[in-house]
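Here's the structure we're looking at; comments come further down.
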Amino acid sequence: MARILVTGGTGYIGSHTVVELINAGFDVLIVDNLSNSTSDSIDGIEKITGVRPPFEQIDCSDSEQMETALSKYPDICAVIHFAASKAVGESVEKPLLYYKNNLLSLITVLELMKKHEIRNIVFSSSCTVYGQPDVLPVSETAPIKPALSPYGNTKQINEEIIRDAAHADSNLKAILLRYFNPIGAHPSALIGELPNGVPQNLVPFITQTAAGIRKELRVFGNDYDTPDGSCIRDYINVVDLAKAHVVAVRRMLEDKSAEQVELFNLGTGRGLSVLELLNSFMKTTGVNVPYTIVGRREGDIEKVWANPEKANNVLGWKAEETVEDTLASAWRWQQHLMQ
């Protein structure tokens, strides 16, 4: 079977995607520098699938080490590129780190793909490229807005790099997947989101506060132009999201009608505010989460949710899990971590 290189494959979305790839019959090679993950997720992948995929602890921007790894696996037919720093707030504080890591890693991967005649890449992009959209729900034809954070800007620049590389090389095929907000964990509670230090994302902060690890959740702003004043996002189950990558890889490998570079929004099509999500968690789990309202956070978008019709119709993919089941899975994962 064809082998897929998954960069950032021990991370949150990466590990769930590796599971779905293995379940779909693909061989996998994981490359990750473990800067924001641990190799423990490979144990979880093995317990879920019965397969322990090979793992190389490498920084994707290290051309020499990447060259060595790719030479060991001549059967790689596609790359799914997750490896990137991904926290909006941190990117505002450490912009150079984000530009160096997120741009160099992709450039290195694309250079080596060309050398090794690997012709397919699925790129992990983000709805942050839309900024604050003029029209909601946001479709793939919405204009790209000036980024509100260095993180968002790296996603915009990376998309441009891929388009330019494909324009220069007719053999290169790419699918750009613009995620909305991934949450939850695998239903087995064997893999999930594992932030280093203080969580940058909402749901791990909720679960850690619910578990007593954090004193209280801070909600950034209650004066936005939304029904309850808190930001609105499109929260998508991480397993649903992972399955979209398998569909995307298959499309590039098997569907001759696919265009050279394609773009898809991955979301549920439904927006939930921060306070709605928090209340849903407390109702679903029966656990109280103390919280306080603080000022707005720089770089945050007021409201955004997806129009996922293109992914539904062209990829044949649809988000299926309910937000209640998704939040319950996140709580099971938090409890698993505390055992």
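T7 places a side-chain N or O within 3.5 Å of a backbone atom of A83 that can act as its donor or acceptor partner. Between the side chain of Q132 and the main chain of K303, a donor-acceptor pair closer than 3.5 Å is present. Checking side-chain atoms of T284 against main-chain N and O of F281 turns up no donor-acceptor pair under 3.5 Å.
A salt bridge between D43 and R52 is present, with a side-chain N of the basic residue lying under 4.0 Å from a carboxylate O of the acidic one. A salt bridge links K72 to E56: at least one charged side-chain nitrogen sits closer than 4.0 Å to a carboxylate oxygen.
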Inset, instruction - Could you check F264 against L176 for side chain to side chain contact (heavy atoms under 4.5 Å, CB included), going step by step and ending with a plain yes or no? - result: CA-CA 6 Å; F264 297 96; L176 314 176; over 6 Å; no
Inset, instruction - Apply side chain to side chain donor-acceptor pair (under 3.5 Å) to the pair N153 and Y98, showing each step before the final yes or no. - result: CA-CA 9 Å; N153 202 25; Y98 272 67; over 6 Å; no
Legend entry - L5 and I118: CA distance, side-chain angles, deciding distance, side chain to side chain contact (heavy atoms under 4.5 Å, CB included) verdict: CA-CA 10 Å; L5 166 61; I118 302 166; 5.7 Å; no
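Atom CZ of R270 is surrounded by 12 or fewer heavy atoms from other residues, nucleotides or ligands within 6.0 Å. In this structure, K310 places its NZ atom where more than 12 heavy-atom neighbours from other residues, nucleotides or ligands lie under 6.0 Å away. Counting non-hydrogen atoms of neighbouring residues, nucleotides and ligands closer than 6.0 angstrom, the CD atom of E259 reaches no more than 12 such neighbours.
Side-chain contact annotation: Y151 with E90, donor-acceptor N/O pair under 3.5 Å absent. Side-chain N/O atoms of H116 and E67 include a donor and acceptor closer than 3.5 Å. Donor-acceptor pairing under 3.5 Å is recorded for the side chains of Y179 and S124. Side-chain N/O atoms of S139 and N307 include no donor and acceptor closer than 3.5 Å.
S280 places a side-chain heavy atom less than 4.5 Å from the side chain of L327. Side-chain contact between V238 and I13 is present, with heavy atoms from C-beta onward closer than 4.5 Å.
Separation of atoms CE (M282) and CG (L277) is listed at 10.0 Å; rounding is to 0.5 Å.
In this structure, F26 has its ring center no closer than 6.0 Å to that of H245.
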Exercise answer: donor-acceptor pairs, residues 101-108 side-chain atoms, under 3.5 Å, sequence neighbours excluded:
residue : atom : partner : partner atom : Å
N101    : ND2  : S85     : OG           : 2.8
N102    : OD1  : S85     : N            : 2.8
N102    : ND2  : S85     : O            : 3.0
N102    : ND2  : T154    : OG1          : 3.1
S105    : OG   : N101    : O            : 2.8
T108    : OG1  : L104    : O            : 2.8

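Figure legend: R296 and Y224 shown as a cation-pi pair, the cationic atom lying under 6.0 angstrom from the six-membered ring centre and within 45 degrees of its axis.
Using a 30° and 60° split on the angle between ring planes, H336 and W333 fall in the parallel class, below 30°.
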